[in-house]
Amino acid sequence: MRTKIVAGNWKMNKTLAESKALVEAISDKVNGDKLEDTRVIVAPTYVNLTGVLDSTEDSVVEVAAQNMHQEESGAYTGEISGAMLEDIGVELVILGHSERRAYFGETDELLAKKVDLSYKYNLEVIFCFGEELEDRKSGNHFKVVESQLKNALFHLEAEDWRNIILAYEPVWAIGTGETASPEQAQEMHAFIRKIIADKYTQNLADGISILYGGSVKPANAVEIFSKPDVDGGLIGGAALNVDDFVAIVNAI
Ligand SMILES: O=C(CO)COP(=O)(O)O
């Protein structure tokens, strides 16, 4: 049985007070007894990580960073290292988000370095990837996703995958209100599981949680999450509202 996960990526939103209020409200409303094998994660911006960690001390809600730098330390003004995240108690990091790829030039090769560093600092990785609209239109979406995974993750040893959560986020569905249909999500997730099984083992592929991200809302979450290879969601806009986010958690 794979772990189900609902993660909220807050992106560059919420002040410290707003972040604490949001995570406390989520903690109050998420019924820990009902969660069973479901993990609930929120990813605030760097400066609010400590405050949100404080607010979640007695909560089932876990806290992720949205990024980290690929070098261990040094002259990288404005950047945050894995060591810094580990030091303040962060245990998860989102890597490879399409906004990092598009606006900050992050490539698969650079992301492979970040992934490698995550082990040193005991950070579980939520690894994001997904095709652009042109790739989908031209029918290249499977090829693009396969190469993203191969280039950034397929150098890992089988045992290293215990640390990896995958998040398929088709770029054309992020923040656009346009969601991949449940069938499109299922088709891609099954493909992802197959290429992992081909490279490693079926057993390993069957154990990896693969989240879907891109305009997940309370109204479409149940249908998307009902697909057999969709193990949860990485939520953007709807994660900023307590009732919407909790409804999506409950949809699982
Ligand atoms: O980018 C996302 C999560 O990382 C998805 O964002 P939206 O849910 O706002 O489309």
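Note that ligands are numbered from 1 as they come in the structure, with each ligand's atoms numbered from 1 the same way. As a basis for the values below, the full set of heavy atoms in this structure was taken, side chains included, without hydrogen atoms, waters or symmetry mates.
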S.K.: Taking atom types as modelled, find out whether Glu169 and His97 have a side-chain donor-acceptor pair closer than 3.5 angstrom.
M.R.: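 Side-chain D/A pair, Glu169 to His97: present.
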S.K.: For atom 5 (C) of ligand 1, what's the nearest protein heavy-atom neighbour? Residue, atom name and distance, please.
M.R.: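 Result for atom 5 (C) of ligand 1: Gly236 N, 3.7 Å.
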S.K.: Report the nearest protein non-hydrogen atom to atom 2 (C) of ligand 1: residue, atom name, distance rounded to 0.1 Å.
M.R.: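 Protein heavy atom at minimum distance: Glu169 OE2, 3.2 Å.
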S.K.: Does Glu183 pair with Lys227 as a salt bridge, N-O distance under 4.0 Å?
M.R.: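 Judged by the 4.0 Å cut-off on N to carboxylate O distance, Glu183 and Lys227 do form a salt bridge.
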S.K.: Quick test of your reading of the structure: of Ala239, Ser98, Gly237, Ala238, whose heavy atom lies closest to atom 9 (O) of ligand 1?
M.R.: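 Comparing heavy atoms across Ala239, Ser98, Gly237, Ala238, the nearest one to atom 9 (O) of ligand 1 lies in Gly237.
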S.K.: Check this for me: does any side-chain nitrogen of one of Lys29 and Asp243 sit under 4.0 Å from a carboxylate oxygen of the other?
M.R.: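 A salt bridge links Lys29 with Asp243.
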S.K.: Apply side chain to side chain donor-acceptor pair (under 3.5 Å) to residues Asp231 and His189 and explain how you reach the verdict.
M.R.: CA-CA 9 Å; Asp231 304 309; His189 286 218; 5.7 Å; no
S.K.: Can you tell whether the side chains of Lys143 and Glu131 come within less than 4.0 Å, N to carboxylate O?
M.R.: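 Salt bridge flag = no for Glu131 with Lys143.
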S.K.: With heavy-atom distances below 4.0 Å as the criterion, list the atoms of ligand 1 near Ala173.
M.R.: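 Reading through ligand 1 atom by atom, the close ones are 10 (O).
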S.K.: Is it the side chain, the backbone, both or neither of Ile174 that has a heavy atom closer than 4.0 Å to ligand 1?
M.R.: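 For Ile174, backbone and side-chain atoms both sit under 4.0 Å from ligand 1.
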S.K.: Just go through Lys11, His97, Glu99, Lys217 and tell me whose heavy atom is the nearest to atom 4 (O) of ligand 1.
M.R.: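 Going through Lys11, His97, Glu99, Lys217 one by one, His97 has the nearest heavy atom to atom 4 (O) of ligand 1.
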S.K.: Within the side chain of Tyr212, is there an N or O that forms a donor-acceptor pair under 3.5 Å with the backbone of Gly214?
M.R.: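 A pair under 3.5 Å: yes.
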S.K.: Say whether Ser215 and ligand 1 are in contact under the criterion: heavy-atom distance to a ligand atom below 4.0 Å.
M.R.: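 A heavy atom of Ser215 does come that close to ligand 1.
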S.K.: Out of all atoms in ligand 1, which are within 4.0 Å of some heavy atom of Gly214? Include the element for each.
M.R.: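 In order of number, 5 (C), 10 (O).
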